[in-house]
Amino acid sequence: MVYNFSNHERIITAEVSPAVIGCLAACLLPLLSRKKEEISHRERENIAFCYLDVAGAIKVWNMAATETQLMLSVGLIEKDVNGDTLWVWCYPSVGSDLRQVLLSKCCLTQDSRDFHTFVFGQFCRIWYYITTVEVQEPTALNKVTHFSIVVTAKDFNPEKYAALSRILCRMYTKHGSPVKMMEAYVTVLTKGICQSDENGSFLIKDYDVRKAYLAGSVKDVVSQFGMETIILYTALMLKKRIVVHHPRIEALLEFTRVLPTLTWHRKDWSILHPYVHLTDAELEDLKKCPGYVAGFVDPEVSNRSDLFDVYVNLPDSVITVSQSAKEAMAMGKLHKDIGHLIVQSAEDAERSDSQVIKDISVKTKEILANLVALADECEDSKITLEGLKQHHFPPATENFLFHLAAAEQLLRI
């Protein structure tokens with residue numbers, strides 16, 4: 001059933017007759033057949049799912065409301081005139097381990113003089129977004145030189161949280177108290193909107209997650225690495241560990257966020273850890289992931305071969321495959337063909353980044369369809385090495401398909 005509940009509670013209950021239940025079920029099926037990402041934010045604003053609870057009452061779940069529930073907290077870090085930096089406020093709360101990580105990511109706590117207006121990353125499956133500003137006098141913050149707004153959330157969407165944080169920063173600069181900032185945060189949390197003539201407006205529905213996925217430039221990546229982009233593609237397809245180093249955090253964030261687009265069929269940005277320090281807590285969290293894209297500003301990471309299968313030296317445009325991963329990452333004619341397709345598409349001035357991603361995705365789906373067809377020939381629809389050998393593929397292709405089957409859970413173990 002489709003309703004407009006823009007002026008109603010998020011969840012309502014009512015007693016219903018069997019006839020109404022049948023009607024609801026019939027209307028609900030078309031909605032359930034659509035993937036969430038296929039429904040636009042404008043549609044979500046007017047869509048609610050109806051279902052029955054155990055007592056037989058009808059309940060309505062508003063899709064737009066869940067967009068706001070992705071936010072977890074907002075925090076405040078200040079640097080005062082004495083040079084001291086402290087975590088001074090948070091709503092509702094942040095665990096001590098996460099707080100220590102967030103403080104370490106904030107440029108106000110770092111020894112270097114580098115000033116980063118916006119950084120983002122992931123720790124323990126929580127995304128963090130840190131916006132830092134310098135206080136310009138006159139202002140209510142007469143004892144503060146800089147401050148950072150820290151937003152944590154369940155979703156990857158840097159542009160969305162950067163926009164929200166800019167409004168919160170203006171509010172805090174003007175009022176010098178987190179009260180107004182908390183009110184704005186709660187309004188966004190409950191209504192998905194924050195409007196102010198002085199500080200600007202923010203609407204969650206303006207920030208579709210697909211826009212966040214496509215915000216980077218895959219053409220820039222291919223322009224920098226050319227045919228070697230196939231190494232990155234192969235590593236991502238096989239769910240390998242990719243470590244990227246660049247001393248400048250902005251370059252690191254810009255590059256790493258693009259890489260998951262090479263495996264667009266998964267639409268999985270949980271593999272992205274764009275800003276990692278070589279601390280025990282962060283490395284322990286990283287190692288829980290079977291495959292990842294991890295960014296480091298510390299050059300010492302090049303000596304940590306236990307952390308990567310593929311190492312990307314971004315300033316020098318050099319990609320290195322670790323000794324332990326060379327067998328799985330062996331290249332052949334199939335890789336060469338895919339590499340040529342990627343380069344040819346990316347170098348076409350008429351094609352946009354999204355079109356290049358689509359070209360790569362079409363090729364990927366073709367490979368996966370062939371892999372599934374091979375699996376269907378086998379017992380339990382699971383591929384074995386013996387089964388692959390019967391097709392007499394070139395050694396590199398056989399090796400790639402074997403490891404890809406493992407990554408796609410199509411391999412009989």
Side-chain angles (χ1 to χ4, degrees), residues 37 210-242 244 254-269 271-272 291-293 309-314 317-321 325-375 383 388 391-408 410-411:
E37 56 265 25
R210 282 174 173 257
K211 290 183 180 178
Y213 291 166
L214 295 169
S217 175
V218 70
K219 297 186 79 167
D220 286 349
V221 172
V222 180
S223 175
Q224 181 171 0
F225 289 99
M227 277 295 288
E228 286 202 329
T229 306
I230 189 59
I231 300 174
L232 300 174
Y233 172 85
T234 303
L236 287 159
M237 286 290 284
L238 301 184
K239 297 184 178 179
K240 296 298 183 181
R241 303 166 303 160
I242 301 175
V244 183
E254 183 180 358
F255 180 84
T256 56
R257 72 177 295 176
V258 178
L259 297 190
T261 62
L262 294 175
T263 48
W264 182 254
H265 68 288
R266 293 183 186 136
K267 296 183 183 65
D268 183 10
W269 264 253
I271 66 170
L272 179 61
Y292 51 73
V293 175
D309 300 306
V310 173
Y311 179 75
V312 182
N313 181 330
L314 201 52
S317 302
V318 175
I319 300 177
T320 306
V321 178
K326 282 187 175 179
E327 181 185 355
M329 295 284 294
M331 301 287 164
K333 183 179 183 303
L334 175 62
H335 298 84
K336 185 177 180 180
D337 291 344
I338 299 170
H340 278 307
L341 181 146
I342 293 172
V343 171
Q344 186 176 9
S345 178
E347 289 181 345
D348 187 344
E350 300 295 318
R351 303 193 74 71
S352 66
D353 280 292
S354 59
Q355 287 172 320
V356 174
I357 291 167
K358 184 176 180 179
D359 290 342
I360 299 169
S361 181
V362 167
K363 184 62 179 178
T364 299
K365 287 178 180 178
E366 178 189 315
I367 294 168
L368 292 174
N370 291 334
L371 192 68
V372 170
L374 290 172
I383 289 173
L388 281 175
H391 291 272
H392 305 291
F393 292 117
T397 300
E398 178 188 285
N399 182 63
F400 175 66
L401 292 175
F402 178 77
H403 286 94
L404 181 59
E408 294 291 328
L410 291 172
L411 187 69

Give a yes or no on whether the backbone of [Y] and the side-chain of [X] come within a donor-acceptor separation of less than 3.5 Å.
X      : Y      : result
Ser223 : Lys219 : no
Arg266 : Met237 : yes
Thr364 : Ile360 : yes
Asp268 : Pro260 : no
Arg257 : Leu272 : no
Lys239 : Gly291 : no

Are any non-hydrogen side-chain atoms of [X] and [Y] less than 4.5 angstrom apart?
X      : Y      : result
Leu404 : Leu368 : yes
Ile271 : Leu236 : yes
Val258 : Asp220 : no
Thr261 : Trp269 : yes

Partners meeting side chain to side chain contact (heavy atoms under 4.5 Å, CB included) with [X] (sequence neighbours left out):
X      : answer
Asn370 : Glu366
Gln355 : Arg351, Ser352
Ala328 : Lys240, His403
Lys336 : Met227, His340

Rounded distance [0.5 Å steps], [atom1] in [X] versus [atom2] in [Y]:
X      : Y      : atom1 : atom2 : value
Lys363 : Asp337 : NZ    : CG    : 6.5 Å
Leu262 : Ile357 : CG    : CD1   : 8.0 Å
Glu408 : Leu371 : CD    : CG    : 7.0 Å
Glu327 : Asn399 : CD    : CG    : 6.0 Å
Ser354 : Arg210 : OG    : CZ    : 11.0 Å

Mind checking whether Tyr213 and Trp264 have parallel, tilted or perpendicular rings, split at 30° and 60°?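 Rings of Tyr213 and Trp264: perpendicular, as their planes differ by over 60°.
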Looking at every heavy atom in both [X] and [Y], which two are closest together, and how far apart are they?
X      : Y      : result
Ile231 : Met331 : CA-CE, 3.9 Å
Ser217 : Asp353 : OG-OD1, 3.1 Å
Lys326 : Val321 : CE-O, 3.5 Å
Leu314 : Gln224 : O-NE2, 3.0 Å
Ile242 : Leu232 : CD1-O, 4.1 Å
Leu388 : Glu398 : CD1-O, 3.9 Å

Can you give the donor-acceptor pairs under 3.5 Å from side chains of residues 343-350 to other protein atoms, not counting sequence neighbours?
residue: Ser345; atom: OG; partner: Asp359; partner atom: OD2; Å: 2.6
residue: Asp348; atom: OD1; partner: Glu350; partner atom: N; Å: 2.9

Under the side chain to side chain contact (heavy atoms under 4.5 Å, CB included) criterion, do Phe402 and Leu411 qualify, and how do the steps go? CA-CA 7 Å; Phe402 178 77; Leu411 187 69; 3.5 Å; yes
Step by step, would you call Leu401 with Ile383 a side chain to side chain contact (heavy atoms under 4.5 Å, CB included)? CA-CA 9 Å; Leu401 292 175; Ile383 289 173; over 6 Å; no
Can you pull the salt bridge (Lys or Arg N to Asp or Glu O under 4.0 Å) pairs that have at least one residue in residues 221-236, sequence neighbours excluded?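 Residue pairs passing salt bridge (Lys or Arg N to Asp or Glu O under 4.0 Å), neighbours aside: none found.
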Check step by step if side chain to side chain contact (heavy atoms under 4.5 Å, CB included) holds for Phe393 and Leu334. CA-CA 10 Å; Phe393 292 117; Leu334 175 62; over 6 Å; no
Side chain to side chain contact (heavy atoms under 4.5 Å, CB included) for Met329 and Asp309? Distances and angles first, verdict last. CA-CA 9 Å; Met329 295 284 294; Asp309 300 306; 5.9 Å; no
